[in-house]
Amino acid sequence: MVVGLINANPTVYEKKERRVRQAPETTDENAAEPIDQLEIFDHIRDIKDPEHPYSLEELNVVTEDSIEINDELSHVRVTFTPTVEHCSMATVIGLCLRVKLMRSLPPRYKVDIRVAPGSHATEKAVNKQLNDKERVAAALENPNLLDIVEECLSPTFA
(Lines give C-alpha, C1' and ligand atoms only; values in the text may rest on other atoms or scores of the structure.)
Protein backbone atom coordinates (compact mmCIF):
# COMPACT_ATOMS: atom_id res chain seq x y z
CA MET A 1 0.00 0.00 0.00
CA VAL A 2 1.30 3.44 -0.92
CA VAL A 3 1.55 5.90 1.93
CA GLY A 4 1.20 9.55 0.96
CA LEU A 5 0.68 11.08 -2.43
CA ILE A 6 2.52 9.92 -5.54
CA ASN A 7 2.92 13.54 -6.66
CA ALA A 8 2.69 15.62 -3.49
CA ASN A 9 3.40 18.95 -5.21
CA PRO A 10 1.92 18.98 -8.70
CA THR A 11 2.31 21.98 -10.96
CA VAL A 12 -0.97 23.90 -11.02
CA TYR A 13 -1.88 25.85 -14.15
CA GLU A 14 -4.30 28.72 -14.52
CA LYS A 15 -7.73 27.82 -15.84
CA LYS A 16 -8.56 29.17 -19.28
CA GLU A 17 -11.42 31.59 -19.55
CA ARG A 18 -14.63 29.90 -20.62
CA ARG A 19 -15.70 30.89 -24.11
CA VAL A 20 -19.33 31.60 -24.80
CA ARG A 21 -20.86 29.16 -27.24
CA GLN A 22 -22.99 30.55 -30.01
CA ALA A 23 -26.50 29.14 -30.35
CA PRO A 24 -27.17 27.48 -33.70
CA GLU A 25 -28.98 29.62 -36.22
CA THR A 26 -31.56 26.94 -36.93
CA THR A 27 -33.69 25.71 -34.09
CA ASP A 28 -34.94 22.44 -35.56
CA GLU A 29 -35.55 20.25 -32.52
CA ASN A 30 -35.05 17.06 -34.53
CA ALA A 31 -31.78 18.06 -36.18
CA ALA A 32 -28.60 16.55 -34.78
CA GLU A 33 -26.46 19.28 -33.28
CA PRO A 34 -22.80 19.06 -34.21
CA ILE A 35 -20.44 18.54 -31.29
CA ASP A 36 -17.00 20.14 -31.35
CA GLN A 37 -13.73 20.05 -29.45
CA LEU A 38 -14.71 22.94 -27.18
CA GLU A 39 -17.94 21.24 -26.12
CA ILE A 40 -16.08 18.04 -25.21
CA PHE A 41 -13.50 20.08 -23.28
CA ASP A 42 -16.26 21.90 -21.39
CA HIS A 43 -17.65 18.53 -20.30
CA ILE A 44 -14.35 17.23 -18.90
CA ARG A 45 -12.34 20.26 -17.79
CA ASP A 46 -13.82 20.42 -14.28
CA ILE A 47 -13.39 16.75 -13.38
CA LYS A 48 -11.50 16.68 -10.10
CA ASP A 49 -8.23 14.84 -9.74
CA PRO A 50 -8.64 11.82 -7.41
CA GLU A 51 -5.58 12.80 -5.33
CA HIS A 52 -5.61 16.59 -5.36
CA PRO A 53 -8.15 19.38 -4.86
CA TYR A 54 -7.60 20.57 -8.44
CA SER A 55 -9.39 19.96 -11.71
CA LEU A 56 -7.85 18.00 -14.57
CA GLU A 57 -7.60 21.29 -16.45
CA GLU A 58 -5.68 22.96 -13.62
CA LEU A 59 -3.19 20.07 -13.55
CA ASN A 60 -2.89 20.15 -17.36
CA VAL A 61 -3.98 16.51 -17.48
CA VAL A 62 -6.51 17.44 -20.19
CA THR A 63 -6.33 20.31 -22.64
CA GLU A 64 -8.53 21.40 -25.49
CA ASP A 65 -5.80 20.29 -27.91
CA SER A 66 -5.84 16.76 -26.44
CA ILE A 67 -9.33 16.15 -27.86
CA GLU A 68 -10.02 14.81 -31.34
CA ILE A 69 -13.57 14.63 -32.65
CA ASN A 70 -15.09 13.44 -35.88
CA ASP A 71 -18.75 14.37 -35.64
CA GLU A 72 -19.63 12.70 -38.97
CA LEU A 73 -18.28 9.35 -37.73
CA SER A 74 -19.50 9.97 -34.13
CA HIS A 75 -16.03 9.39 -32.74
CA VAL A 76 -14.27 11.16 -29.86
CA ARG A 77 -10.74 10.55 -28.63
CA VAL A 78 -9.42 12.15 -25.46
CA THR A 79 -5.71 11.82 -24.78
CA PHE A 80 -4.74 12.70 -21.22
CA THR A 81 -1.36 13.25 -19.62
CA PRO A 82 -0.85 12.08 -16.02
CA THR A 83 1.19 14.45 -13.84
CA VAL A 84 3.86 11.77 -13.27
CA GLU A 85 4.80 8.74 -15.37
CA HIS A 86 4.09 6.28 -12.54
CA CYS A 87 0.71 7.81 -11.59
CA SER A 88 -1.31 5.16 -9.76
CA MET A 89 -4.53 7.05 -10.52
CA ALA A 90 -4.23 7.01 -14.33
CA THR A 91 -6.90 4.34 -14.75
CA VAL A 92 -9.23 6.16 -12.34
CA ILE A 93 -8.74 9.43 -14.24
CA GLY A 94 -9.43 7.66 -17.53
CA LEU A 95 -12.52 6.00 -16.05
CA CYS A 96 -13.78 9.41 -14.87
CA LEU A 97 -13.30 10.82 -18.38
CA ARG A 98 -15.13 7.87 -19.93
CA VAL A 99 -18.07 8.02 -17.47
CA LYS A 100 -18.45 11.78 -17.87
CA LEU A 101 -18.55 11.50 -21.66
CA MET A 102 -20.89 8.47 -21.55
CA ARG A 103 -23.29 10.57 -19.49
CA SER A 104 -22.89 13.75 -21.56
CA LEU A 105 -22.80 12.63 -25.18
CA PRO A 106 -25.50 11.03 -27.30
CA PRO A 107 -25.18 7.22 -27.31
CA ARG A 108 -24.15 7.19 -31.01
CA TYR A 109 -20.64 8.36 -30.04
CA LYS A 110 -17.73 5.97 -29.71
CA VAL A 111 -15.33 7.30 -27.10
CA ASP A 112 -11.64 6.39 -26.93
CA ILE A 113 -9.66 7.40 -23.86
CA ARG A 114 -5.88 7.24 -24.16
CA VAL A 115 -2.83 8.07 -22.09
CA ALA A 116 -0.50 10.39 -24.01
CA PRO A 117 2.30 8.41 -25.65
CA GLY A 118 5.36 8.20 -23.40
CA SER A 119 3.62 9.82 -20.42
CA HIS A 120 3.00 6.72 -18.29
CA ALA A 121 5.10 3.70 -17.36
CA THR A 122 2.27 1.23 -18.11
CA GLU A 123 0.68 3.16 -20.99
CA LYS A 124 -0.38 0.09 -23.04
CA ALA A 125 -2.00 -1.64 -20.07
CA VAL A 126 -3.88 1.51 -19.02
CA ASN A 127 -5.11 2.11 -22.59
CA LYS A 128 -6.26 -1.51 -22.85
CA GLN A 129 -8.20 -1.28 -19.58
CA LEU A 130 -9.84 2.03 -20.44
CA ASN A 131 -11.09 0.88 -23.84
CA ASP A 132 -12.30 -2.60 -22.91
CA LYS A 133 -16.08 -2.51 -22.38
CA GLU A 134 -16.11 -5.50 -20.03
CA ARG A 135 -13.34 -4.10 -17.83
CA VAL A 136 -15.05 -0.70 -17.67
CA ALA A 137 -18.39 -2.32 -16.78
CA ALA A 138 -16.72 -4.43 -14.07
CA ALA A 139 -14.94 -1.38 -12.65
CA LEU A 140 -18.23 0.52 -12.44
CA GLU A 141 -19.80 -2.38 -10.51
CA ASN A 142 -17.22 -1.89 -7.75
CA PRO A 143 -18.94 0.38 -5.19
CA ASN A 144 -15.67 1.79 -3.82
CA LEU A 145 -14.38 2.69 -7.27
CA LEU A 146 -17.76 4.11 -8.28
CA ASP A 147 -17.71 6.34 -5.17
CA ILE A 148 -14.31 7.71 -6.22
CA VAL A 149 -15.57 8.37 -9.76
CA GLU A 150 -18.71 10.10 -8.46
CA GLU A 151 -16.62 12.30 -6.16
CA CYS A 152 -14.36 13.31 -9.04
CA LEU A 153 -17.39 14.13 -11.20
CA SER A 154 -19.30 16.04 -8.52
CA PRO A 155 -19.51 19.77 -9.20
CA THR A 156 -17.48 22.27 -7.25
CA PHE A 157 -18.81 25.68 -6.40
CA ALA A 158 -15.56 27.59 -6.08
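As the structure is a computational prediction, the values presented were derived from the model and not from experiment. Keep in mind that the numbers below use all heavy atoms, side chains included, and drop hydrogens, waters and symmetry copies. The first residue in the sequence is number 1, and the count goes up from there.
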- Minimum heavy-atom separation for Pro117 to Thr79, with atom names? CD-CG2, 4.4 Å

- Begin from the C-alpha positions of His43 and Leu101 and carry the test side chain to side chain contact (heavy atoms under 4.5 Å, CB included) through to its verdict. CA-CA 7 Å; His43 284 302; Leu101 292 175; 4.3 Å; yes

- Message: Would you say that Phe41 contacts Glu57 through its side chain, given a criterion of any heavy-atom pair below 4.5 Å between the two side chains?
- Response: yes

- Nearest heavy atoms of Glu39 and Asp36, plus distance in Å: N-OD1, 2.9 Å

- Does the side chain of Arg135 reach to within under 4.5 Å of the side chain of Lys128, using non-hydrogen atoms? yes

- Task: Quick one: pull up NZ in Lys100 and CZ in Arg45 and give me the separation to the nearest 0.5 Å.
- Result: 12.5 Å

- Query: Does a side-chain heavy-atom distance below 4.5 Å link Pro106 with Ile35?
  - Reply: yes

- Message: If we ignore hydrogens and angles and just use 3.5 Å, is the side chain of Glu123 paired with the main-chain N or O of Gly118 as donor and acceptor?
- Response: yes

- Report the residues that fulfil side chain to side chain contact (heavy atoms under 4.5 Å, CB included) with Leu130, sequence neighbours left out, ordered by chain and then residue number. Phe80, Ile113, Val126

- Message: Side chains of Thr122 and His120 only: does a donor on one sit below 3.5 Å from an acceptor on the other?
- Response: yes

- Ser55 and Ile47, any side-chain heavy atoms less than 4.5 Å apart: no

- Message: Can you confirm whether Ile93 sits close enough to Pro50 that some side-chain heavy atom of one is under 4.5 Å from a side-chain heavy atom of the other?
- Response: yes

- Query: Ignoring hydrogens and geometry, is there a side-chain-to-backbone donor-acceptor pair from Asn131 to Asn127 under 3.5 Å?
  - Reply: yes

- Item | Interatomic distance, Asp147 atom CG to Asn142 atom CG [nearest 0.5 angstrom] | 9.0 Å

- Are Ile44 and Ile67 side-chain neighbours, meaning at least one heavy-atom pair lies under 4.5 Å? yes

- Hey, does Cys152 have a side-chain heavy atom less than 4.5 Å from the side chain of Asp49? no

- Can you tell if the side chain of Met102 reaches within under 4.5 Å of the side chain of Val111, non-hydrogen atoms only? no

- Task: With rounding to the nearest 0.5 Å, note down the distance linking OG in Ser66 to CD1 in Ile40.
- Result: 11.0 Å

- Rounded to the nearest 0.5 Å, the OG1 atom of Thr91 sits from the CZ atom of Arg98 at a distance of 12.5 Å

- Task: Would you check if the side chain of Ser154 reaches a backbone N or O of Glu151 as a donor-acceptor pair within less than 3.5 Å?
- Result: yes

- Item | NZ/NE/NH1/NH2 to OD/OE distance under 4.0 Å, Lys110 and Asp112 | yes

- Message: For the NZ atom of Lys48 and the CG atom of Leu56, what is their distance to the nearest 0.5 Å?
- Response: 11.0 Å

- Message: Minimum heavy-atom separation for Asp71 and Pro34, please, with both atom names.
- Response: OD2-CA, 3.3 Å

- Item | Spatial distance of atom CG (Leu145) from atom CD (Glu150) [nearest 0.5 Å] | 10.5 Å

